[in-house]
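Each ligand, and each atom within it, is numbered from 1 in the order the structure gives. Numbering starts at 1 and runs along the sequence shown.
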Amino acid sequence: VKHPLSNKWTLWFTKPASGKGDAWNELLKEVITFESVEEFWGIYNNIAPVSELALKSDYHLFKEGVRPEWEDPQNKHGGKWSYQFKDKRAVNIDELWMHTMLAAIGETLEEEEDGEVMGVVVNVRKAFYRIGVWTRTTGRHIPGRGDGDVAGGKGRSPEKGKEILMGIGRKFKATLKLGANEQVEFSGHTDSAHSGSTRAKAKFVV
Ligand code: M7G
């Protein structure tokens, strides 16, 4: 018996650059797509845990059909909630990443019909691990999309769009078991793209 997931999910891997000239999209590799709980565990049990990945590696778990890139049409108006774990030795990154993936595929980061979560990502860097949740919108009106098309459509009011986004931030923070004085930060992908990195100014915090 297989327990189907609400969505199909694709696992991606960013392999560390070998030289300076490696382009981002040459390093990004599609690994596998799955649609049941059993397949998820089969894959999970057969891939390297985050704690064993080389520096500059990433795992991305995204809804099927969405590339884990700012440029993807389903991401380009969006952003991400993220948190950096700076004390790498103190954190059980494997467990936190597993819980983050389970929250994504189990659809517990949002109300399913909101369809706001595009995927989750973990970055292995020299000074930190970072876990993020990518969202389809930034909770605001998307200019030029015509009216009634606030927060990426679905007939949402701007207030509702923002509330959905903040709700995802709160659930993500709970998934990471962060304390009251640790904050997850949201930033739009356009800001990230312009600053050349994800270290863009946070727009919201929870
Ligand atoms: P990062 O891994 O998000 O953060 O971006 P980091 O700076 O903490 O390592 C690292 C670099 O990877 C960026 O400066 C870009 O060169 C590249 N990169 C990352 N992402 C998510 C994208 C993307 O979606 N599109 C493109 N074109 N480059 C990206």
Side-chain angles (χ1 to χ4, degrees), residues 9-33 47-91 93-94 96-97 100-101 103-104 109 115-140 142 152 165 168-169 172-173 175-176 178 182-206:
W9 295 83
T10 302
L11 180 69
W12 302 72
F13 176 63
T14 308
K15 68 177 196 161
S18 48
K20 279 256 172 209
D22 293 324
W24 152 263
N25 55 21
E26 288 164 17
L27 301 169
L28 180 64
K29 308 282 178 191
E30 188 172 337
V31 180
I32 194 166
T33 299
I47 59 173
V50 176
S51 59
E52 290 176 17
L53 297 180
L55 296 180
K56 300 187 181 170
S57 306
D58 310 315
Y59 277 134
H60 317 254
L61 184 65
F62 273 64
K63 284 178 179 162
E64 186 189 40
V66 184
R67 288 180 62 88
E69 300 181 306
W70 312 317
E71 295 88 349
D72 187 282
Q74 297 189 76
N75 289 324
K76 67 177 185 187
H77 299 290
K80 66 164 189 179
W81 283 106
S82 70
Y83 187 81
Q84 291 189 8
F85 296 92
K86 294 190 182 92
D87 190 350
K88 290 173 74 182
R89 282 173 304 184
V91 62
I93 193 65
D94 297 326
L96 292 173
W97 174 237
T100 303
M101 289 193 292
L109 291 170
E116 194 57 30
V117 172
M118 296 288 99
V120 291
V121 52
V122 63
N123 308 123
V124 179
R125 298 294 180 267
K126 191 166 188 235
F128 55 84
Y129 294 115
R130 182 200 293 122
I131 298 184
V133 176
W134 284 35
T135 59
R136 195 175 54 86
T137 73
T138 60
R140 296 176 307 176
I142 293 171
L165 193 72
I168 293 168
F172 177 48
K173 180 174 179 167
T175 303
L176 297 181
L178 296 175
E182 299 162 308
Q183 291 180 318
V184 295
E185 299 186 343
F186 184 86
S187 58
H189 294 316
T190 4
D191 305 340
S192 308
H194 289 158
S195 73
S197 155
T198 340
R199 283 163 295 190
K201 194 164 160 282
K203 201 176 289 166
F204 306 124
V205 295
V206 157

field: Proximal atoms of ligand 1 relative to F128 (non-hydrogen, under 4.0 Å)
entry: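 Listed by number with element, the hits are 8 (O).
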task: Considering the heavy atoms of E69, write down every atom of ligand 1 situated less than 4.0 Å from one of them.
output: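 Every atom of ligand 1 under 4.0 Å from some heavy atom of E69: 24 (O).
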query: For K80 and ligand 1, does the shortest N/O to N/O distance drop below 3.5 Å?
result: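 For ligand 1, there is no N or O atom that lies under 3.5 Å from one belonging to K80.
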- prompt: Should R125 be counted as touching ligand 1, given the test is an N or O pair under 3.5 Å?
  reply: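 In this structure, R125 places an N or O atom under 3.5 Å from an N or O of ligand 1.
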field: Distance-minimising heavy-atom pair for D94 and P49
entry: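 In this case the closest contact between D94 and P49 is OD1-CB, 3.4 Å.
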field: ligand 1 contact on W70 by region, counting heavy-atom pairs under 4.0 Å
entry: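 Looking at W70 and ligand 1, atoms from backbone and side chain both fall under 4.0 Å.
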query: Which is it for H189 and ligand 1 at heavy atoms under 4.0 Å: side chain, backbone, both or neither?
result: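 Contact part for H189 vs ligand 1: neither.
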- prompt: Can you tell me if T137 and E116 form a side-chain donor-acceptor pair at under 3.5 Å?
  reply: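 A donor-acceptor contact under 3.5 Å links the two side chains.
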- prompt: Relative to each other, are the rings of W24 and H60 parallel, tilted or perpendicular (30° and 60° limits)?
  reply: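 Aromatic pair W24/H60 classed perpendicular.
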message: Taking R125 first and then D58, would you say they form a salt bridge - that is, a charged N and a carboxylate O separated by under 4.0 Å?
response: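 Between D58 and R125 there is a salt bridge, with a charged N closer than 4.0 Å to a carboxylate O.
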message: I'd like to know whether ligand 1 has K56 as a neighbour, heavy-atom separation below 4.0 Å.
response: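 It does not; every heavy atom stays at 4.0 Å or beyond.
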query: So does K88 have more than 12 non-hydrogen atoms from other groups sitting under 6.0 Å from NZ?
result: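 More than 12 within 6.0 Å, yes.
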- prompt: For Y129, which residues count as a ring-ring contact (aromatic ring centres under 6.0 Å, His included) partner, sequence neighbours excluded?
  reply: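 So Y129 forms no ring-ring contact (aromatic ring centres under 6.0 Å, His included) with any residue.
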